[in-house]
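Contents: one structure, followed by commentary.
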Amino acid sequence: MERNAFDVRLPDLGEVDEVRVVQWLRGAGSTVAEGEDLLEVETEKTTFVVPAPANGRLAEIVAVEGATVERGGVLGRIERSE
């Protein structure tokens with residue numbers, strides 16, 4: 001992984017072990033701002049929005065729509081803005 005890039009991981013959602021990626025709200029190559037809604041994931045009971053953890057460019061979508069991701073799993077990668 002590049003020095004200025006980092007993994008966007010599924011945040012801790014309490015007792016939830018895995019989620020399904022519903023929809024990416026930003027596409028690969030898009031500029032994102034910290035706190036901006038990045039994607040939606042769902043559990044058996046509800047839907048959550050995952051925010052961008054930093055400013056930068058969404059360099060890669062790792063977990064495509066429909067994919068199941070376990071706690072701590074990689075969703076995508078952001079190249080940080082300097």
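A donor-acceptor pair is defined here as one N or O able to donate and one able to accept, closer than 3.5 Å; such a pair exists between the side chain of W24 and the backbone of A63. Counting only distance, with no hydrogens or angles, the side chain of D37 and the backbone of V49 share no donor-acceptor pair below 3.5 Å.
The nearest pair of heavy atoms linking D7 to R77 is OD1-NE, 2.7 Å. Closest non-hydrogen pair, R20 versus E42, comes out as NH2-OE2, 2.6 Å. Across every non-hydrogen atom of I78 and A54, the tightest pair is CD1-O, 4.2 Å. L13 and F48 get closest at one heavy-atom pair: CD1-CD1, 4.0 Å. Smallest separation of non-hydrogen atoms from V21 and V64: CB-O, 3.6 Å. Heavy atoms only, all atoms of each residue included: A52 and A33 are closest at CB-O, 3.5 Å.
Between V32 and L38 the shortest side-chain heavy-atom distance falls below 4.5 Å. With contacts defined as side-chain heavy-atom distances shorter than 4.5 Å, the pair V74/V8 does not qualify. Counting heavy atoms from C-beta on, the side chains of V50 and L75 come closer than 4.5 Å. Side-chain contact between L25 and E40: present, with at least one pair of heavy atoms (C-beta onward) separated by less than 4.5 Å.
In this structure, R80 forms a cation-pi arrangement with F6, its terminal cationic atom sitting closer than 6.0 Å to the ring centre and no more than 45° off the ring axis.
Taking hydrophobic clusters as Ile, Leu, Val, Met, Phe, Trp and Tyr residues chained together by side-chain heavy-atom distances below 4.5 Å, V69 shares a cluster with V16.
For the atom pair OG1 of T47 and CD of Q23, the computed distance is 10.5 Å after rounding to the nearest 0.5 Å. Note that the CG atom of N4 and the CZ atom of R57 stand 9.5 Å from one another [nearest 0.5 Å].
Using a cut-off of 4.0 Å between Lys/Arg side-chain N and Asp/Glu carboxylate O, E36 and R26 are scored as salt-bridged.
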